[in-house]
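For reference, the structure discussed in these notes is given below.
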Protein chains: 2
Amino acid sequence: MPIVDKPMSNHQSPTPPDEQAFLDGYDPALFERPSVAVDVVLLAPDEGSIHTLLIQRQEHPFRLKWALPGGFIRMNEDLEAAAARVLREKAGLKGIFLEQIGTFGAPKRDPRTRILSVAYMALVDQERFSACKAGSALARLVVPWDGEEGGPVEVLDVQGKAMPLAFDHADILGLAVKRLRGKLDYTPVGFQLLPKAFTLYDLQKVHETVLARKLNKDSFRRRMLATGLLEATGEQQDDVGHRPAALYRYSA
Amino acid sequence: MPIVDKPMSNHQSPTPPDEQAFLDGYDPALFERPSVAVDVVLLAPDEGSIHTLLIQRQEHPFRLKWALPGGFIRMNEDLEAAAARVLREKAGLKGIFLEQIGTFGAPKRDPRTRILSVAYMALVDQERFSACKAGSALARLVVPWDGEEGGPVEVLDVQGKAMPLAFDHADILGLAVKRLRGKLDYTPVGFQLLPKAFTLYDLQKVHETVLARKLNKDSFRRRMLATGLLEATGEQQDDVGHRPAALYRYSA
DNA sequence: AAAATAGTGTCTGTAAGACAATATAAC
DNA sequence: GTTATATTGTCTTACAGACACTATTTT
C-alpha cells in the first residue's frame with residue numbers, strides 16, 4: 001500500500017477531466033494518517049481555586065511529567081464517547097458534562113509520531129471530584145488573574161510545588177479555563193460545577209473562582225434569579241451557625 | 001502489522017507492573033488510525049446576508065451535492081497551515097483570518113471510511129470574496145433569525161434555490177455562524193469582514209448581517225468608538241449623494 | 001432648495017453597584 | 001442577647017435605546 005505525503009500534487013486525471021473532482025474522489029486510504037487521541041481537562045472548583053486531574057507519566061517521552069487523562073480513539077467510537085470513556089476508565093466518573101474545546105495538532109507536539117489531540121473539558125462538583133483520585137493527582141491550576149486570553153497555565157500540587165506538564169498540555173489547560181470563563185456568563189455551565197442542591201452564595205463562589213475576581217453580591221443574586229434557571233427546593237442549609245440560606249436546584 | 005481496535009483492553013505488563021503506565025507507553029503505530037481532513041467555512045457579508053463558498057462534488061459519495069472546501073492534512077503540516085493551504089488552492093486567497101471552530105468525528109459521517117474533519121472559519125470582506133469564485137459557487141446562508149444556538153443551516157444559490165449539502169457540512173456551517181455571532185460582541189472579529197477602510201455604518205451593517213437583527217445606530221456608534229479600536233483615516237466617503245461619512249481603520 | 005445620510009446632544013428606562021435595614025439560624 | 005450570614009429594599013450611577021436637531025454633500 002503506497003504512502004504519499006503530498007496528496008494534493010498534480011496527477012493526470014482520467015475522467016472527469018477536472019483536477020478538483022479527481023482530488024475530491026481520491027481514496028483517503030492511500031494517505032498516511034496521523035494518530036488521534038482525546039485528552040480530557042477535568043475541572044472542579046475548590047475553595048477559591050480551580051482543580052484538575054493529572055496523571056504522572058511512567059514512560060518516555062515526558063517520563064515523570066504530568067499529563068491530562070487521555071487515550072486513543074477507537075475506529076467506531078464517536079469523539080465525545082471516547083472522552084467519556086477516558087473519564088470512566090481513568091477517573092471512574094460517569095454522566096459528566098463534556099464539551100469539546102479544540103484540537104491540537106502541531107506536527108512535533110508528540111516527539112514520537114504525529115498525534116492529534118481532540119481536547120474536551122469536563123465539569124464536576126467538588127465532591128465527585130474528590131472521590132476519584134485513584135492513583136492520579138489532584139492539581140491546582142494557577143491561572144493569570146487579569147489574563148483574559150488563555151495562554152499556557154501553570155499547575156501546582158497540594159504543597160504548592162510546580163508540576164511540570166507533558167506535551168502541550170499547559171496550552172490545553174489554558175484553553176479550557178478560557179473557554180469556561182467565556183461560557184460562564186451567558187450559558188448555564190456554572191451549575192455543572194455544583195452538587196444538585198446549592199445556595200446562591202455557593203453559585204457565586206463558583207463564579208468568582210472561575211473568573212478569578214470578586215462579584216457584587218446583590219447584582220449577582222438579582223441576575224441569577226432573573227434568568228429563571230433556578231428553582232427553590234424548599235429546603236434550607238443545615239448546621240451553619242447562622243441564618244441558613246435557601247437551597248436551589250438548576251431547573252433546565 | 002497487527003491492527004487492534006481495543007487499545008485499552010487488559011494486558012500483562014512486564015515492567016513497571018502498572019497497567020496505566022503500560023498503556024501510556026503503548027506504541028500508537030499499532031492502532032488503526034482515522035483519516036484527518038480540514039474543512040474551511042469561508043464567510044463574507046453581502047448586503048444583509050452571509051455568503052459562503054461551496055464546491056460541487058463530482059464523485060461519490062454525495063455526488064453533485066455541495067461541500068465545503070477541504071482537504072486531507074499532510075503529515076508535517078500544522079492544522080491551521082492545512083486550512084490556509086486549502087483556502088489558497090481552492091479559493092486563491094492568502095493572508096485570511098482563520099480560526100478553528102471544532103472537530104467533527106462521528107464514525108459514519110463519511111460512508112467510505114473514518115474521516116475526522118477539523119473545521120476552520122475564515123473571514124473575508126465582500127470584495128475579496130467576490131474575486132475568488134473559480135469554478136466554485138457562492139452560496140447564501142439561511143440562518144434562523146431568532147435561533148441563538150446553531151444547529152444545521154440551509155444554503156441557497158443566487159436564484160434562491162436550496163443547495164443540498166454533502167456529509168455533515170450543514171452542521172459545520174451552523175457552528176461557524178454560531179461561533180462568529182458569539183465572538184462579534186467581545187472580540188475585534190467584525191473588522192475581518194470589512195476592507196481596510198470603512199465607515200461606522202458599514203461596520204454596523206456587518207454586525208446586523210451576522211447577528212440577523214437591527215442594531216441601534218446611536219449606541220452602536222458610541223460602543224464602537226469607546227472600544228478604542230477604531231482610528232479615523234482622515235479620509236471621507238466619495239460620490240455618495242449625501243453627506244459623506246468619515247472612514248475608519250481597525251487599529252490593533 | 002430638496003433629498004439623503006452623517007454626526008451630536010439630550011432624555012429616559014433598565015440594570016449594576018453600593019449601602020442600609022431586617023430576618024433567622026446557632027450559640 | 002450576640003454573632004453571623006441571608007434576604008429585601010432603596011439610592012446612585014452607567015449605559016443602551018429613543019428621539020430631536022444640526023451638518024454636509026449631491027442633485
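Letters A, B, ... are given to chains in the order of the sequence lines, protein chains preceding strands, and every chain is numbered from 1.
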Any chance you could encode DNA chain D as dot-bracket? Rule is Watson-Crick or G-U wobble with both distances under 3.5 Å; [ ] for pairs crossing earlier ones, | for another strand.
-> |||||||||||||||||||||||||||
Which part of the nucleic acid, if any, lies within contact of A/Tyr201, taking any heavy atom under 4.0 Å across all strands shown: a base, the sugar-phosphate backbone alone, or nothing?
-> sugar-phosphate
Contact class for B/Gln237 (heavy atom, under 4.0 Å): base, sugar-phosphate, or nothing?
-> nothing
Name the atoms and distances for all side-chain donor-acceptor pairs under 3.5 Å in residues 191-206 of chain A, with sequence neighbours left out.
unit_1: A/Thr199; atom_1: OG1; unit_2: A/Tyr201; atom_2: N; d: 3.4
unit_1: A/Thr199; atom_1: OG1; unit_2: A/Asp202; atom_2: N; d: 3.0
unit_1: A/Thr199; atom_1: OG1; unit_2: A/Asp202; atom_2: OD2; d: 3.2
unit_1: A/Asp202; atom_1: OD2; unit_2: A/Thr199; atom_2: N; d: 3.1
unit_1: A/Gln204; atom_1: NE2; unit_2: A/Glu208; atom_2: OE2; d: 3.1
unit_1: A/Gln204; atom_1: NE2; unit_2: A/Leu215; atom_2: O; d: 3.0

List the atom of [X], the atom of [Y], and the distance in Å for their closest heavy-atom pair.
{"X": "A/Pro69", "Y": "A/Leu53", "answer": "CD-O, 3.3 Å"}
{"X": "B/Arg109", "Y": "B/Asp39", "answer": "NH2-OD2, 4.1 Å"}
{"X": "A/Val210", "Y": "A/Arg181", "answer": "O-NE, 2.9 Å"}
{"X": "B/Ala122", "Y": "B/Leu87", "answer": "CB-CD2, 3.7 Å"}
{"X": "A/Val40", "Y": "A/Ala83", "answer": "CG2-O, 3.8 Å"}
{"X": "A/Leu173", "Y": "A/Leu165", "answer": "CD1-CD1, 3.7 Å"}

[X] vs [Y] side-chain heavy atoms within contact, under 4.5 Å:
{"X": "A/Phe104", "Y": "A/Asp171", "answer": "yes"}
{"X": "B/Leu180", "Y": "B/Met121", "answer": "yes"}
{"X": "A/Met163", "Y": "A/Lys65", "answer": "no"}

Along DNA chain D, 5' to 3', what are the outermost nucleotides having an atom less than 4.0 Å from a heavy atom of chain A?
-> D/dA4 to D/dT10
From the list A/Ile172, A/Leu98, A/Ile101, side chain to side chain contact (heavy atoms under 4.5 Å, CB included) with A/Tyr120 holds only for A/Leu98
Qualifying residue for side chain to side chain contact (heavy atoms under 4.5 Å, CB included) with A/Val41, from A/Leu54, A/Thr52, A/Val177 | A/Thr52
At a 4.0 Å cut-off to heavy atoms of chain A, the contacted part of DNA chain C spans C/dA16 to C/dA26
Residue met sooner reading DNA chain C from 5', once A/His242 and B/Thr199 are mapped to nucleotides | B/Thr199
By nearest-heavy-atom nucleotide on DNA chain C, the more 5' of B/Asp218 and B/Gly241 is B/Gly241
Using heavy atoms to find the nearest nucleotide of DNA chain D for A/Ala246 and B/Gln236 separately, return the residue whose nucleotide is more 5′.
-> A/Ala246
Could you list the donor-acceptor pairs under 3.5 angstrom formed by side chains in residues 220-231 of chain B, with sequence neighbours left out?
unit_1: B/Thr227; atom_1: OG1; unit_2: B/Met224; atom_2: O; d: 2.5
unit_1: B/Thr227; atom_1: OG1; unit_2: B/Leu229; atom_2: N; d: 3.2
unit_1: B/Glu231; atom_1: OE1; unit_2: B/Arg249; atom_2: NH1; d: 3.4

Residues of residues 221-229 of chain B with a heavy atom under 4.0 Å from any atom of DNA chain D, listed by number, are B/Arg222, B/Arg223
